[in-house]
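Just so we're on the same page: letters track the sequence lines, and every chain starts at 1.
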Amino acid sequence: MSERRILVTSALPYANGPIHIGHLVEYIQTDIWVRFQKLRGHRCIYLCADDTHGTAIMKSARQRGVSESDFIAAIQSEHERDFSGFHIEFDNYGSTDSPHNRKLCEQIWQALQEKNLIVQRQVTEFLDATTGESLPDRFVTGTCPKCQADDQYGDNCDKCGASYTATDLINPISTVSGTPPVLGKQDHFFVQIEAMHAFLDAWTQDEKHLQVEVANYLKGHFLHEPLRDWDVSRPAPYFGFPIPGTDENHYWYVWFDAPIGYMASTQEWCDRTGEEFDTWWRDDQTEIHHFIGKDIQYFHCLFWPAMLKASNYSLPTRVHIHGFLTVGGEKMSKSKGTFVKASTYLKHLDPNYLRYYYASKLGPHVDDLDMNLNELVNRVNADLVGKFVNLGSRTAKFVEECGLASRYPDDGGLFAYAAQSGDKIAQAYEHGDYNRAMRLIMSLADRANPYVESAEPWKLKKDPAQLGRLQDVCTVALNLFRQLAIYLSPVLPQLAEKVGGLLGDPLVDWQQAQSPLLGTSVARFQHMLKRVDEKDVKLMIEESKEREEEGTSTAHGTDSGEPLLAEPLADECTIDDFTSVDLRVARVIEAADVPEANKLLKLTLSLGGEETRTVFAGIKKAYQPEALVGQLVIMVANLKPRKMKFGVSEGMILAAGLGEKEVFMLTAHEGASPGQRIH
RNA sequence: GGGCCCGUAGCUCAGCGGUUAGAGCAGGGGACUCAUAAUCCCUUGGUCGGAGGUUCGAAUCCUUCCGGGCCUACCA
């Protein structure tokens with residue numbers, strides 16, 4: 001087997017939220033493939049990075065009142081922690097917001113310009129009125145022009161399914177600031193990808209590069225007609241890299257610099273290891289494999305090859321495309337608790353379960369993967385614990401004293417058969433047909449357990465004359481166990497390590513499955529994998545539900561960002577501005593309904609001593625008058641009195657909320673006295 | 001509206017032109033006790049979504065219908 005040089009990537013996770021079990025389908029799938037290649041003795045590196053640019057990141061950072069850099073740094077460390085929690089091992093994990101990436105973007109941009117592929121053209125689009133940034137369709141909401149449903153996104157309507165452009169919305173609102181957006185004409189830069197149509201036709205229709213269904217999709221949707229120019233710029237302000245020569249008025253659209261992040265991550269790795277960048281991106285002998293989800297085929301199978309081709313880099317050898325994760329046949333749902341974050345999973349369950357379960361479901365096609373929690377429990381317990389781990393745990397202790405025999409005994413051809421199966425299993429891994437690989441491996445385990453059963457080592461150990469036979473039987477069983485561990489090690493590296501430890505010989509090479517291990521000592525058997533407890537699965541689902549009720553989950557808290565969006569922070573004020581408002585603690589001494597009014601209660605507030613104020617407060621729908629008497633509230637005491645229909649209001653009390661029944665008064669904790677000022 | 005994928009035992013799937021359609025799990029019966037109530041043996045269970053067609057022969061190829069999923073709808 002000649003050594004291959006293989007560069008592998010997974011899609012860059014967007015630095016706008018936590019990793020969840022849907023993401024993990026891809027990272028686990030890729031990690032298994034990479035570990036398999038390494039085990040086979042190939043030169044293989046696995047690269048990834050956080051995807052950090054774009055409007056969504058700006059918005060999220062702003063919502064939390066932190067800089068974009070701080071925001072993406074915090075998310076990235078969470079991502080890396082989650083990945084390592086699932087034994088996903090990158091050779092380098094970078095960020096698209098890196099100097100290397102910027103440099104590569106500039107270089108590729110220049111190459112595109114030199115090939116005359118870039119044009120500049122005006123685009124009419126919505127801009128946020130307060131920041132001037134351009135608004136993607138998903139960042140504008142309003143009333144559907146067709147069915148009048150409120151609160152619909154700018155691309156299509158959830159209610160009636162109509163699609164339109166954001167400018168068609170009635171009463172559009174920017175979700176960035178909560179204000180109506182303004183129409184603006186902006187210069188954008190476009191890549192004239194049609195110039196590469198013939199190349200893309202040929203490249204995408206080659207079965208070596210893409211799955212057939214993907215090639216069909218691209219042909220049917222895009223390549224059957226002239227390709228439209230690709231809009232790759234956004235006007236400032238934008239969190240990303242400025243396009244050279246535009247005085248920082250234009251930035252690259254996040255999808256321009258994201259895939260280049262694969263290269264930037266490679267460059268970082270090269271810097272660290274002393275490798276040559278061009279060996280990996282400009283050498284025909286190097287294979288480049290991208291693993292992505294079907295949602296981003298378009299970028300990876302059209303634009304990306306075009307960019308690489310135009311700038312003289314190697315093209316992807318293959319783009320491996322997978323489907324989405326569903327749970328119980330449905331999309332992941334926050335309210336049903338099936339939108340499980342990686343970190344939540346790890347609190348309750350062992351990562352090995354998910355790695356094996358996904359492996360047992362993944363095939364080489366774009367089909368969606370349906371996760372059934374009962375099935376996960378069954379399969380892990382039956383296959384991993386019952387068949388695989390059990391093989392070691394039922395025989396190892398019989399040979400703790402004497403170790404493995406020095407000559408391999410007759411096993412009726414079991415070892416040889418499993419050794420022979422290695423090629424078939426390897427082929428299944430190679431083609432991404434993990435589910436086939438798992439079936440093949442488990443069928444080997446199904447042959448090994450009956451062997452132990454019929455050899456009855458537990459009887460042999462009782463007869464001193466049979467100790468040699470006992471050692472032989474266990475030598476066979478443990479060698480079969482070891483073969484399984486080698487075959488499973490791309491999926492379950494942690495278990496492979498434990499098996500290596502048990503037998504005093506680390507499992508590092510696929511070929512180790514070809515010859516039995518003999519004459520070594522056997523360590524005391526230690527528990528390798530706990531059975532899945534259904535209760536833990538339920539707890540995980542419950543926790544995932546609770547998170548949702550508290551609001552949109554984020555890296556920094558679980559409260560929703562909606563209130564701030566609905567009412568953005570006011571302009572800065574000085575301490576003097578603040579002190580000009582005199583806030584006082586007041587006790588409600590009388591509270592009366594105003595029958596003619598819809599919203600008002602008439603309150604008499606005491607500021608201590610003889611001082612009282614009459615205040616009309618719009619809290620009728622939220623509070624019963626009698627419940628208020630005696631409470632300590634906060635009032636604006638120096639507010640200019642205002643004549644109202646029902647009398648003069650001499651101040652106002654403080655409350656938060658959406659209005660109507662959703663009104664929540666501020667009260668002072670007991671111990672404060674009426675008349676005290678709020679500082 | 002267009003496109004793609006899927007529909008085989010209760011569940012997850014294999015088989016993709018050729019002997020009476022298979023596996024694992026679940027169900028039923030038995031055995032064993034070394035092992036994480038694990039394991040082993042036996043066993044129930046399918047007119048391969050429906051209908052046409054091609055063929056000596058179809059779960060397997062073609063057409064069509066039904067059901068499910070996903071992606072799109074002059075946006076990427």
Candidate nucleotides A76(B), U36(B), G24(B), ranked by approach to the side chain of Tyr253(A) - the nearest: A76(B)
message: Salt bridge check, Glu125(A) against Lys185(A): does any charged N sit closer than 4.0 Å to a carboxylate O?
response: no
- prompt: If each of Gln526(A) and Glu375(A) is mapped to the nucleotide of RNA chain B with the nearest heavy atom, which maps nearer the 5' terminus, i.e. the 5' end?
  reply: Glu375(A)
query: Looking across every strand, which nucleic acid part, if any, lies under 4.0 Å from Leu529(A) by heavy atom: base, sugar-phosphate, or nothing?
result: base
statement: For C4(B), the nucleotide meeting Watson-Crick or G-U wobble distances (both under 3.5 Å) is G69(B)
- request: Check every strand shown and say whether Phe299(A) touches a base, only sugar-phosphate, or nothing at a heavy-atom separation below 4.0 Å.
  value: sugar-phosphate
message: What is the distance, to the nearest angstrom, from the CG atom on Asn378(A) to the C1' atom on U36(B)?
response: 16 Å
- request: Quote, to the nearest angstrom, the C1' distance that separates U47(B) from G30(B).
  value: 33 Å
query: Base, sugar-phosphate alone, or nothing: which one does Trp255(A) contact when heavy atoms must sit under 4.0 Å apart?
result: nothing
task: Can you tell me, in whole Å, how much space there is between the C1' of G68(B) and that of C62(B)?
output: 23 Å
query: Reckon Val385(A) touches a base, only the sugar-phosphate, or nothing at all at heavy-atom distances under 4.0 Å?
result: base
statement: Sorted by position of nearest nucleotide on RNA chain B, 5' first, the leading residue of Phe222(A) and Phe398(A) is Phe398(A)
query: From U39(B), G24(B), A35(B), pick the nucleotide closest to the side chain of Glu453(A)?
result: U39(B)
- prompt: Any idea which of A35(B), C70(B), A76(B) is nearest the Asp368(A) side chain?
  reply: C70(B)
- request: Would you check if there is a donor-acceptor pair between the side chains of Thr52(A) and Thr96(A) at a distance under 3.5 Å?
  value: yes
- line: Taking a pair to mean Watson-Crick or G-U wobble geometry with both distances below 3.5 Å, G52(B) pairs with C62(B)
- prompt: Rounded to the Å, how far apart are Asn374(A) CG and G27(B) P?
  reply: 12 Å
- request: For U12(B) and G53(B), measure between their C1' atoms and round to the nearest Å.
  value: 33 Å
message: Distance check, P atoms only: G49(B) and U39(B), in whole angstrom units.
response: 32 Å
task: For Asp231(A), answer base if it contacts any base atom (sugar-phosphate contacts may also be present), sugar-phosphate if it contacts only those atoms, and nothing otherwise; contact means non-hydrogen atoms under 4.0 Å.
output: nothing
- prompt: Can you name the one residue among Trp230(A), Trp109(A), Tyr238(A), Phe189(A) that meets ring pair (Phe, Tyr, Trp, His ring centres under 6.0 Å) with Trp252(A)?
  reply: Trp109(A)
task: Using a 4.0 Å heavy-atom cut-off across all strands, classify Met442(A) as base, sugar-phosphate, or nothing.
output: nothing
- prompt: Which nucleotide sits closest to the side chain of Arg394(A): C34(B), C41(B), U12(B)?
  reply: C34(B)
Partner nucleotide, any strand, of A9(B) [Watson-Crick/G-U, under 3.5 Å]: none
- prompt: Does any nucleotide pair with C16(B) by Watson-Crick or G-U wobble geometry, both distances under 3.5 Å, and what is it?
  reply: none
field: Closest nucleotide among C40(B), C70(B), C25(B) to the Lys387(A) side chain
entry: C25(B)
task: Please work out whether the ring planes of Trp203(A) and His209(A) are parallel, tilted or perpendicular, with thresholds of 30° and 60°.
output: parallel
message: Please report the distance, rounded to the nearest Å, between CG in Asn449(A) and P in C41(B).
response: 9 Å
query: Counting side-chain heavy atoms from C-beta on, which of A38(B), U33(B), C34(B) comes nearest to Lys459(A)?
result: U33(B)
query: Is the distance between the ring centroids of His322(A) and Phe291(A) under 6.0 Å?
result: no
field: P gap between C4(B) and A38(B), integer Å
entry: 46 Å
message: Ring-plane angle category for Trp255(A) and Phe299(A), please: parallel below 30°, perpendicular beyond 60°, tilted otherwise.
response: parallel
- prompt: At under 4.0 Å between heavy atoms, what does Pro457(A) touch on the DNA or RNA strands: base, sugar-phosphate, or nothing?
  reply: nothing
- line: Re G27(B): Watson-Crick or G-U wobble partner, both distances kept under 3.5 Å, found to be U43(B)
field: Distance, C1' atom - from G1(B) to C11(B), rounded to whole angstrom
entry: 36 Å
- prompt: Is there a side-chain polar atom (N or O) of Lys294(A) under 4.0 Å from OP1 or OP2 of C70(B)?
  reply: no
Out of U36(B), C32(B), A35(B), whichever nucleotide has its closest atom nearest the side chain of Arg531(A): U36(B)
- request: With C1' as the reference atom in both, quote the distance from A26(B) to U43(B) in angstrom, rounded to an integer.
  value: 14 Å
field: Arg234(A) to Tyr253(A), cation-pi by 6.0 Å centre distance and 45° axis angle
entry: yes
message: Measuring from the side chain of Met528(A) (C-beta onward, heavy atoms only), which nucleotide among C34(B), U36(B), C25(B) has the closest atom?
response: U36(B)
field: P gap between G15(B) and C40(B), integer Å
entry: 25 Å
- request: May I ask you to evaluate whether Arg436(A) reaches the phosphate of A14(B), defined as a side-chain N or O under 4.0 Å from OP1 or OP2?
  value: no
message: In whole Å, I'd like the distance from the OH atom of Tyr451(A) to the P atom of C32(B).
response: 21 Å
message: What contact category does Arg439(A) fall into here, base, sugar-phosphate, or nothing, at under 4.0 angstrom with non-hydrogen atoms?
response: sugar-phosphate
- line: When rounded to the nearest 0.5 Å, the distance separating NE2 of His320(A) from CH2 of Trp33(A) is 4.5 Å
task: Indicate, with a heavy-atom threshold strictly under 4.0 Å, whether Val214(A) touches base, sugar-phosphate, or nothing.
output: nothing
Selected nucleotide, minimal atom distance to Lys462(A) side chain, candidates C13(B), C34(B), A76(B): C34(B)
task: For Leu369(A) and C5(B), give me the distance from atom CG to atom P, rounded to whole Å.
output: 18 Å
query: Salt-bridged, Lys294(A) to Asp368(A), with N to O below 4.0 Å?
result: yes
query: Rounding to a whole Å, what distance do you find between His322(A):NE2 and C4(B):C1'?
result: 17 Å
message: Please report the distance, rounded to the nearest Å, between CG in Asp370(A) and C1' in U12(B).
response: 10 Å
message: For a quick check, tell me whether the side chain of Asn390(A) and the base of A35(B) share a donor-acceptor pair closer than 3.5 Å.
response: yes
query: Considering only side-chain heavy atoms of Lys361(A), which listed nucleotide, C34(B), U36(B), U12(B), is closest?
result: U12(B)
